[in-house]
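Below: the structure, in C-alpha cells.
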Number of protein chains: 2
Amino acid sequence: MGDGPIHAFSGIYATSQLGRIVVDTLTRVRDTTPARGRAAKRNGISDVAKAAGVSVTTVSHAMSGQGQVSAETRAKVLRVAAELSYAPNRIASALRRQRSGIIGFVSDEIATTPFAGRLVLGAQSAAAQRGMLLMVVNSNRDVLVERDQIEALLAHQVDAVIYAKMYHQQIELPALLHQIPTVLVNAFDPAVAAPAVVPDEEAIAEAAVELLIRDGHRSIAHLTVAEDTPAMRGRLAGYRRAIQRAGIGIDERLIVRASVERGAAATGIARVAFASFLERGARPTAVFCFNDQLAMGVYQAAALFDLRIPRDLSVVGVDNLELIADNLAPGLTTVALPHYEMGRWAVDAATMMLERSDAMPGEPGPTRMASHIIERESVAQPVGAMHRAGGAPPI
Amino acid sequence: MGDGPIHAFSGIYATSQLGRIVVDTLTRVRDTTPARGRAAKRNGISDVAKAAGVSVTTVSHAMSGQGQVSAETRAKVLRVAAELSYAPNRIASALRRQRSGIIGFVSDEIATTPFAGRLVLGAQSAAAQRGMLLMVVNSNRDVLVERDQIEALLAHQVDAVIYAKMYHQQIELPALLHQIPTVLVNAFDPAVAAPAVVPDEEAIAEAAVELLIRDGHRSIAHLTVAEDTPAMRGRLAGYRRAIQRAGIGIDERLIVRASVERGAAATGIARVAFASFLERGARPTAVFCFNDQLAMGVYQAAALFDLRIPRDLSVVGVDNLELIADNLAPGLTTVALPHYEMGRWAVDAATMMLERSDAMPGEPGPTRMASHIIERESVAQPVGAMHRAGGAPPI
DNA sequence: TTGAAAGCGCTAACAT
DNA sequence: ATGTTAGCGCTTTCAA
C-alpha cells in the first residue's frame, strides 16, 4: 500500500470474488490524486447480492421495502450495501420502471432576478422530500432555445415539467408540453387544463393598504406601472377594494402610473412620475408602490420635496428585493412574493398528478398563493393620526 | 374523428402495425385537454425501424452517424424519424453507453445573489452546445443537505460535477466527489488536483485603479472588508501594485477596512467607516471599493460631507449588482465578475476530462479568469486634473 | 451496407 | 421468504 487512496478488503470479503468490491475499513487519508476522466465504477446490485449471499431480487426488495424479506436478511443486505456504498443506479431503475425521478424545471430567466432562485429552491426542497431531482433549464426568453431545452428534457424522460415565468402573466403553453404532466408557475393558460399557481395579486395590495390604514392613513396613493399585466390589474383592484372597505372614497388623483420598462431605469422614471405628481399639489400621507424599484424612486422624489420617510410619507413596496429594501434608509416595508412556496406547490402538484393520473391539483383556474409583508421602517402613523386609526384627514 | 387532438395516419403507415405510430398530418388544433398523469408513450427506435422498413441497427446508425449507411437509407430513416417525432431515449442510451449526458451542478447558494444565475447560465449554454444537460442542486450551505444532493447526483450517474461557491474561497472538496470528474468554480482545494477556476482578483483591482489613474487621480482610497478572504487579499494586492506601478507611493492611511458581514447591513457600516475616515481629514479624490454595497455606503457618506459624485469623489465598485449600480445616482462604475465565463469554462473543462481521461484542463493551480469594467457615471477627472493624467495632486 | 443479438443494471411477474 | 428470468430502449460488436 503506497501512495494514493488507502483501500482494504474487510474480513468477510477478503477472499471475495470481485475486484469491484472494495471497502474502506481504514480511515481514508486525504486523496490528492482523485479520479480523473471517468467516474469510478460503482458497485451494482449483483455485487451486493454476491457479497450478501442472496439473489438480486432479495437485494432489490430489501432496499426498496417492496416484497417480503425477513428482518434479518434485510438487515444483512442493508449492512452489506452500506459497506459497499451501494446505491441503486437510477438510470437502470428509470429504464425499467419507466420513471426517471426527474422533474424538468423550465424557466424563462434565471440570472437577473432573485425570483428564479427562490422558485428553484422551493421546488428543489419539495422534490428532495420525494426523492426526485430537478433538471433546471432556462431559455433566456428565447423561444427557439426553449424548444430545444424542452426537447432535451423530454429525451431525458423527465416525469413532469414545471414551467415557470418570472413575472405573472398569461401564456400559451408550448405544444411540446401537452404530452407530459406540466404545472405552470407565475403563469396561466386559459386554453389548457394544467395546474397553475400564481401570486394572489389582490391580496398583496389589500395587505399593504390595510397595514397603512391600520396606522391611521386615509390618503393613500398608489404608484403603479402603465403596462397592462395581471399583476398591475390585480394590485390596483386590491388597492381599490381595501380603500373602499375602509369606508374611504377612491380618489382617482391618487393613482399614478409610471410608464416604465422592466429593469433598472424604473427608479428614475418613478422619481420623475411621483415628483410631478406631488408638484401638482397632491399630498398623500402614504404610497403603496407596485414594486420596490418604484418605491426606491419615491424615496428619491420625497427627498426632492423635503419629505421625510416615514414621518411625512409612509411607503410600501412589493417584491422584497433585499438589495433594495435593506439598503434604503429607512428600510423599506414591502410585500414578499411567494416564490419559494409556489416552487414547492408546483412540485407537489406535479407529483400528485404522477401518483394519480386522474388528479387535477388546485382550483379550477390558477391557484392563488398568499404573500407576506416584511416590515421594516418605512411606515409610520401620519402626523396627526396619533394612536388611533382614522385620525384627522390630512391636507 | 371527434374532439380532442386531431390525429391521422399518413398514407404510408395507413396499414401500419403499431398503435403507437401516430402522425400529425393535419394542422394540430389547440388541445384543451392535454395529457395528465402520465407522459404520452413516445415512439421508440423500433417504431422507426418498422415504419422505415429497416432494422433498429440501421436506425441507430443513421441517427448517430456512426456506422455505414447509404445516403438514401439514411435520408429515409431521418424523414420517418422526424415524422414520428422520434428522439432517442437518453435513459436507455445512457444505460447502454454508461454515459448519462448529465453534468451535476452543485451550488452552495442560489437564491440570494445574482451570481448563481449567471454561473448556471454560462454552464448551461456550454452544456447545451455539447448536447449535455445540467442537473442543478443547491445546498443552502448545509453540509448534510449537500451530501444528500451529491449522492442523488451520483445515483443518477452524472458524468461529471461542477462544484461552485458563490464567493471565492478555499475549500475542502467533499470526499464523495473524489470518485468522479469534478471542476471547482470560485473555489480551490490545494489538496486535490481538480481543475478550478476563480476570478483574477488582482486584475480586478488593477483594472479599477488604472481606470482612475488614467483619469488623473493620484490620491485613491481603497475601502475593503476586514474578513481575510482570497478576494480581499487579491484586490488589495492589485490595488497596491497598480498604485506603485504608476509611480505613486502607497499611503496606508488611504486603505480603510469596514468590518462587515456579508449582506445587507454592509451599506450602513460602509457609510460609517468611510465617513469617519473622511472626518479624520483624509481627502482622496477617488475610492476603489471592494464591492458595490460598500460603494453604496460611500455614496451615502459622500452625501453627508457634501461631496458630489463624481465631481468631488470618483467611485468604483465590484460585482455589477445591477439593482444597485443602475439605481444609484449617478450610475456606479463597477467591475463585473466573470461568473458566466467561469460557468462556461467549468463545463468545457469537465467535458474535456470526459473525452480524454488523462487531460487536466487549465493551469496548475486555479485558472484565473479576467473580469471587465462596466462604466457608468461615477468616475470623472479630479478637479484640477483637466485633460491629462498626473494633474496637480489634490489635498 | 445491413441485420441479429447481447447486454447495460435494475424491477417485477412469476416460480419455488 | 427467496430465486429465476424477462425485458425496459438503446448501442455495439459481430456476422452476413
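Sequence lines set the chain letters: A, B, ... in the order given, protein chains first and strands last, and positions in each chain run from 1.
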What does the B/S/- profile of nucleotides 11-16 of chain D look like, 5' to 3', with a 4.0 Å heavy-atom cutoff to protein? BB----
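Atom pair Ile91(B):CD1 and dC10(C):C1' shows a separation of 12 Å (rounding to whole Å applied). Rounded to whole Å, the distance from CZ on Arg99(A) to P on dC8(D) is 18 Å. Taking atom CG on Asp47(B) and atom P on dC8(D), their separation rounds to 12 Å, with Å as the unit. Atom CD in Gln98(A) sits roughly 8 Å away from atom C1' in dG9(D) (whole-Å rounding). Here dT2(D) presents its P atom at 12 Å from CZ of Arg74(A), a figure rounded to the nearest Å.
Under a 3.5 Å cut-off, the side chain of Ser100(B) and the backbone N or O of Ala94(B) do not form any donor-acceptor pair.
Between Thr73(B) and the phosphate of dT2(C), there is a side-chain N or O to OP1/OP2 separation shorter than 4.0 Å. Dashed line: the shortest gap from a side-chain N or O of Lys76(A) to OP1 or OP2 of dT2(D) is not under 4.0 Å. At dT2(C), none of the side-chain N or O atoms of Thr58(B) fall inside 4.0 Å of OP1 or OP2 (strictly under the cut-off).
In this view, Ser55(A) and Thr58(A) satisfy the side-chain hydrogen bond (donor to acceptor under 3.5 Å, both in side chains) rule, not counting sequence neighbours. Listed by chain and residue number, nothing satisfies the side-chain hydrogen bond (donor to acceptor under 3.5 Å, both in side chains) test with Ser60(A) (two or more places apart in sequence, or in another chain). By the salt bridge (Lys or Arg N to Asp or Glu O under 4.0 Å) test, Arg130(B) is found to be paired with Asp348(B), residues two or more places apart in sequence or in another chain being considered. Looking at residues two or more places apart in sequence or on another chain, you find a side-chain hydrogen bond (donor to acceptor under 3.5 Å, both in side chains) between Gln129(A) and Arg344(A). Applying the side-chain hydrogen bond (donor to acceptor under 3.5 Å, both in side chains) rule to Thr73(B) yields the partners Ser70(B); only residues at least two apart in sequence or on another chain are considered. The side-chain contact (heavy atoms from CB on, under 4.5 Å) test applied to Arg74(A) returns Ala62(A), Val69(A), Leu78(A), not counting sequence neighbours.
Minimum atom distance to the side chain of Leu95(B) is reached by dG9(C), of the listed dT4(D), dT1(C), dG9(C). Minimum atom distance to the side chain of Ser70(B) is reached by dT1(C), of the listed dC8(C), dT1(C), dG3(D).
Contact annotation: the side chain of Val197(A) never approaches that of Leu184(A) to less than 4.5 Å [non-hydrogen atoms, C-beta and beyond].
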Less than 3.5 Å apart, which donor and acceptor atoms pair up between the side chains of residues 147-155 of chain A and the rest of the protein, not counting sequence neighbours?
| from | atom 1 | to | atom 2 | distance (Å) |
| --- | --- | --- | --- | --- |
| Arg147(A) | NH2 | Glu151(A) | OE2 | 2.6 |
| Gln149(A) | NE2 | Asn138(A) | O | 3.0 |

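Axis orientation changes by 40° from one end of the helix from dT1(C)-dA16(D) to dT16(C)-dA1(D) to the other, with each end axis drawn from 5 pairs and the value rounded to 10°.
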